[in-house]
Amino acid sequence: MRKIFSLFAMMCCVALMAQETSLFIPKEMKQAYEKGTRSYDGKPGPNYWHNTVDYDIKASIDPETRGISGKSTIKYQNNSPDELSAIVVRLYNDVYKKGNVRLTTIDDRDVNDGMSLNMVQVRGDSVDLEGGSVTRNGTNLFIRLEEPVKSGDQIDLTIDWETVIPYTNRRTGVADSTSFFVAYWYPQISVYDDVFGWDTQNYTFRTEFYNNLANFNVEFTAPEAFTIWATGVLQNPDEVFNADILDRYNKALTATEPLDIINGDDLKDGFAHKSGTWKFKADEVPDFAFAMSDHYDWNAASQKVDGEDVLISSVYPTGNPQAFAAMTPNQQKTMKHFSEDVPGVPYPYPRFTTFIGLGGGGMEFPMMAYNGGPGLGVTVHEMFHMYFPMYVRVNERRFAWMDEGWASYITSLVTNRFFQNDSSDLFTTFKGSVGGMQGQYEDLPLFASSQFMDGTNYGYSAYPLPAFIYSMLHFHLGDEVFFKAYKEYINRWAKKSPIPYDFFFTMEDVSGEDLSWLWKPWFFEFGAPDVKIGEIKKDKLTIVNAGSRPVPVRVEVKYKDGTDYEISKSAKEISGKNEIQVTIPDYKNIETISVNASVPDLDDTDNFYPSLQERMAGVEVPDYIFGTYTIANFNINAHIDNADGLVKVRVPAAGMNMVLLPKEDAWVSMDGQVVAKFDDSGDKTAMTLELKQFGVTVQGTKE
């Protein structure tokens, strides 16, 4: 009878917990709440667990052949309640293997037979790689075990392997003939978690990563002319560096002003370190990457974080140090504000290194970034990734928005507030990158797994769309509550792996609000925001909500005497309503009214008084500006269209579709983020398109 009562009580408890949210929860995730690994208040459940790995790796690198040969000794700890009858090993570089699926083009020289496995041992016994207990598929190696790994037990593996550094420069690869940034280079144990079990998705270049919490001891052997930078802390600087470089290295560990550890004067003919053996140690990180070169400068300084010195390094091609002079100070300032202000969580690692060498963009790894240049935006963005997905180990393969969206939003927030002294609300900066996709078939609910996104909507759903949603949440909650909740989310899930509901429930738990009015339409439902100007009656302006996704409402009024008036309302104030009213003072002197001119909207041509068509009535638009422009350096097209008397710019690859209005010698979007200029003096019409949100200016030629 007691057992029956206990079972009944447990069932009632589960039923009550399930009623605590009105959000749909897929069954894989629901069972995690039923088992107590996660809880409906957003905290890790009393039964939360994750498996861990210890890697001891010795690797030799031949820069001339790009070859890496290594031996990995691996200890995998099964903290799950399950017996594991198989082990899944990721061989990321098998993405270059003949016949494997790749969702991007690669250098023809990189097509190969995949990573070479010379020997695999499990529990000290060699595994027959051609036998029935082993399957190699895509970028995964499946090893079926004679005896399972019981809950609480550890299993040892040893793998001798060889791989090559790819010419294809996609997050990793050859920077130049003797400079390399190397990731995905070692056999890695896949993640087994409480929601999906083994992560067996193949790496195809599109989605990023999801890794175990691990400890690394790594020893590299390379020619003595090469310097190596890596995840973790160098353990033998006195064995590697000569006296002068060692002295500078030791000074940099506590120096507040940047100094050169290695510079152009050092990198003369015959430069060599004392030793080519480098030893690194990294504790509780999800991955390990390294970089190496024989002709890169190394500039560094320290930043105090929670009373400890963090060594910050900038590494770049020698010969033009002035071009990179701001890198180390920018990283110091960024780390300070991350640690003390936004998000206000101390930077969690002892090192951070930015290596310049990628053709464009950037990529993050624990304590390392591989950037295409020294720009502030990419510098801040990649450093923030040390929080997500490194410190908070989100599953980027399924929920890219849980890290890239935060990196995009916090980059904008920190850059605006602490580098530009601009504390304005940021929901008005995403119109160009979000508005063009709104309401399209491929504008999937954000909760859809990132693995199902393609080249059209993956970037949109991973970066600007979630950043825009976070900006709306921030505006609604205000600084105090938003930062309190966000900081709590990071602290709760540090070194753990949250799923979307852990974020949703934590924000609700800390704020004390039901936020389903935001989660449901933006994460779970198809739809689009669409507000429009309704009736204007004296000082009362009616704003009609014709859309299904709520957005903040920003009303901008210009008066005949040249003065302005502005009012903003949270997205919650329009959520679920057909219309709202706002009061506009001095209504007799109104010249123009704009509603959400800088906020994503399905059809923003009905957001203005007088209408845009009326404003354009007396404007002569030259016919030569219309047409399709090829932007060669990005391999995309931009279209300038005549749409019912309005000039529009469309960039399908960027999800952009915006009205342009004349301003002096240019055509400017209503949010001011896009500026187009045209030149008809040559054989073909040329266009200069400035995209302020992305910090780039591109050149196009009319076809």
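- Remark: aromatic rings of Y458 and Y460 are distant, center separation not under 6.0 Å.
- Sorted by first and then second residue, the salt bridge (Lys or Arg N to Asp or Glu O under 4.0 Å) pairs involving residues 537-549 (not counting sequence neighbours) are D443-R549.
- Between F324 and Y316, the ring planes are parallel. Angles under 30° get that label, and only those over 60° would be called perpendicular.
- For the atom pair L376 CG and T334 OG1, the distance stands at 6.0 Å (nearest 0.5 Å).
- Considering only heavy atoms from C-beta on, S598 stays 4.5 Å or farther from Q673 through its side chain.
- The closest side-chain heavy-atom distance from V553 to N596 is below 4.5 Å.
- For the pair Y565 and V555, the minimum side-chain heavy-atom distance is 4.5 Å or more.
- Counting heavy atoms from C-beta outward, F181 and M368 have side chains that approach closer than 4.5 Å.
- Salt bridge present: R554 and E566 bring a charged side-chain N and a carboxylate O closer than 4.0 Å.
- The heavy-atom pair separating K692 from G672 by the smallest distance is CD-O, 3.3 Å.
- A donor-acceptor contact under 3.5 angstrom links the side chains of S314 and Q331, judged on distance only.
- Stacking of R109 on the aromatic ring of Y167 is recorded, both the 6.0 Å distance cut-off and the 45° axial limit being met.
- Note that CG of L465 and CD of E404 are 13.5 Å apart. Values are rounded to the nearest 0.5 Å.
- Around atom CG of N635, no more than 12 heavy atoms belonging to other residues, nucleotides or ligands sit under 6.0 Å away.
- A donor-acceptor contact closer than 3.5 angstrom is absent between the side chains of T168 and D107.
- Figure legend: cation-pi geometry between K333 and F419, with NZ or CZ positioned under 6.0 Å from the six-membered ring centre and within 45° of its axis.
- Contact between N607 and V531 at its shortest, heavy atoms only, is OD1-O, 2.8 Å.
- The two residues Y629 and F626 come nearest to each other via the heavy atoms OH-N, 4.5 Å.
- Annotation: side-chain hydrogen bond (donor to acceptor under 3.5 Å, both in side chains) contacts involving residues 640-654, sequence neighbours excluded, comprise D641-R650.
- Using the six-membered ring where Trp is involved, F384 and F388 have ring planes that are parallel, under 30° apart on the 30 and 60° scheme.
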Test side chain to side chain contact (heavy atoms under 4.5 Å, CB included) on L473 and W519; report intermediate values, then the result. CA-CA 10 Å; L473 178 64; W519 310 142; 4.0 Å; yes
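- Here the shortest heavy-atom pairing between I312 and T328 reads O-CG2, 4.2 Å.
- Under a 3.5 Å cut-off, the side chain of Y347 and the backbone N or O of Y387 do not form any donor-acceptor pair.
- Side-chain atoms of S575 never come within 3.5 Å of backbone atoms of K572 as a donor-acceptor pair (strictly under, hydrogens ignored).
- Note on ring orientation: taking the six-membered ring where Trp is involved, the planes of F503 and W406 are perpendicular (angle over 60°, cut-offs 30° and 60°).
- Between E208 and the choices R171, R397, R398, the salt bridge (charged side-chain N to carboxylate O under 4.0 Å, His left out) rule is met once, by R171.
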Test side chain to side chain contact (heavy atoms under 4.5 Å, CB included) on L444 and F452 and set out the steps. CA-CA 10 Å; L444 301 178; F452 303 130; 5.5 Å; no
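- Using a 3.5 Å distance cut-off with no hydrogens or angles, the side chains of E703 and T630 do pair a donor with an acceptor.
- Checked against a 6.0 Å centroid threshold, the rings of F365 and H385 do not count as neighbours.
- Atoms CD1 and CD1, on I536 and I593 in that order, are 4.0 Å from each other to the nearest 0.5 Å.
- With rounding to the nearest 0.5 Å, the separation of OG1 in T354 from CE in M383 is 6.0 Å.
- Put simply, the side chain of N169 gets close to the backbone of V174: a donor and an acceptor are under 3.5 Å apart.
- Here the side chain of Y587 pairs no donor or acceptor atom with the backbone of T583 at under 3.5 angstrom.
- Ring-plane geometry between F504 and F523 is classed as perpendicular, the angle between the planes exceeding 60 degrees on a 0 to 90 degree scale with a lower cut at 30.
- W522 places a side-chain N or O within donor-acceptor distance of the main-chain N or O of P550, the cut-off being under 3.5 Å.
- Interatomic distance, CE of M687 versus OG1 of T701, reported as 9.0 Å (0.5 Å rounding).
- Proximity of E573 to N545: side-chain heavy atoms (C-beta onward) are nowhere separated by under 4.5 Å.
- Residue Y609 qualifies as open at atom OH: its count of foreign heavy atoms under 6.0 Å is 12 or below.
- Side chain of S548 to main chain of A528: a donor-acceptor pair is present (N/O by atom type, distance under 3.5 Å, no hydrogens or angles).
- Between S461 and S450, every side-chain heavy-atom pair lies at or beyond the 4.5 Å cut-off.
- Pairs of residues two or more places apart, or lying in two chains, that qualify as salt bridge (Lys or Arg N to Asp or Glu O under 4.0 Å) and include a residue from residues 408-417 are R417-D479.
- Counting only heavy atoms from C-beta outward, the side chains of M507 and L515 approach each other to under 4.5 Å.
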Would you check, one step at a time, whether the test ring pair (Phe, Tyr, Trp, His ring centres under 6.0 Å) holds for F209 with Y203? CA-CA 9 Å; F209 304 97; Y203 178 51; 5.1 Å; yes
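- Surrounding CG of D422 are more than 12 heavy atoms belonging to other residues, nucleotides or ligands, all under 6.0 Å away.
- Within the structure, no pair that satisfies the salt bridge (Lys or Arg N to Asp or Glu O under 4.0 Å) test touches residues 406-416, not counting sequence neighbours.
- Looking at S339, its side chain does come within 3.5 Å of a backbone N or O of M335 through a donor-acceptor pair.
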List the steps and the verdict of side chain to side chain contact (heavy atoms under 4.5 Å, CB included) for R615 and T592. CA-CA 10 Å; R615 298 187 194 187; T592 64; 3.6 Å; yes
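- Applying the salt bridge (Lys or Arg N to Asp or Glu O under 4.0 Å) definition to pairs two or more places apart or across chains, none involves residues 355-365.
- You'll find the side chain of K677 reaches within 4.5 Å of the side chain of D665, heavy atoms only.
- In terms of heavy-atom proximity, V394 sits nearest to P389 at CG2-CB, 3.7 Å.
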From CA spacing to verdict: side chain to side chain contact (heavy atoms under 4.5 Å, CB included), M670, L661: CA-CA 7 Å; M670 290 175 292; L661 297 177; 4.0 Å; yes
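- Minimum interatomic distance between W667 and V619 (heavy atoms only, all atoms of both residues): CH2-CG1, 4.3 Å.
- Under the 3.5 Å distance criterion, the side-chain polar atoms of N330 are matched with a main-chain donor or acceptor of A326.
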Just distance, no hydrogens or angles: give the donor-acceptor pairs under 3.5 Å from side chains in residues 426-436, sequence neighbours left out.
residue	atom	partner	partner atom	Å
T428	OG1	D425	O	3.4
T429	OG1	L426	O	2.8
K431	NZ	V599	O	2.9
K431	NZ	D604	OD2	3.0
S433	OG	F430	O	3.4
S433	OG	Q693	OE1	3.1
S433	OG	Q693	NE2	2.9

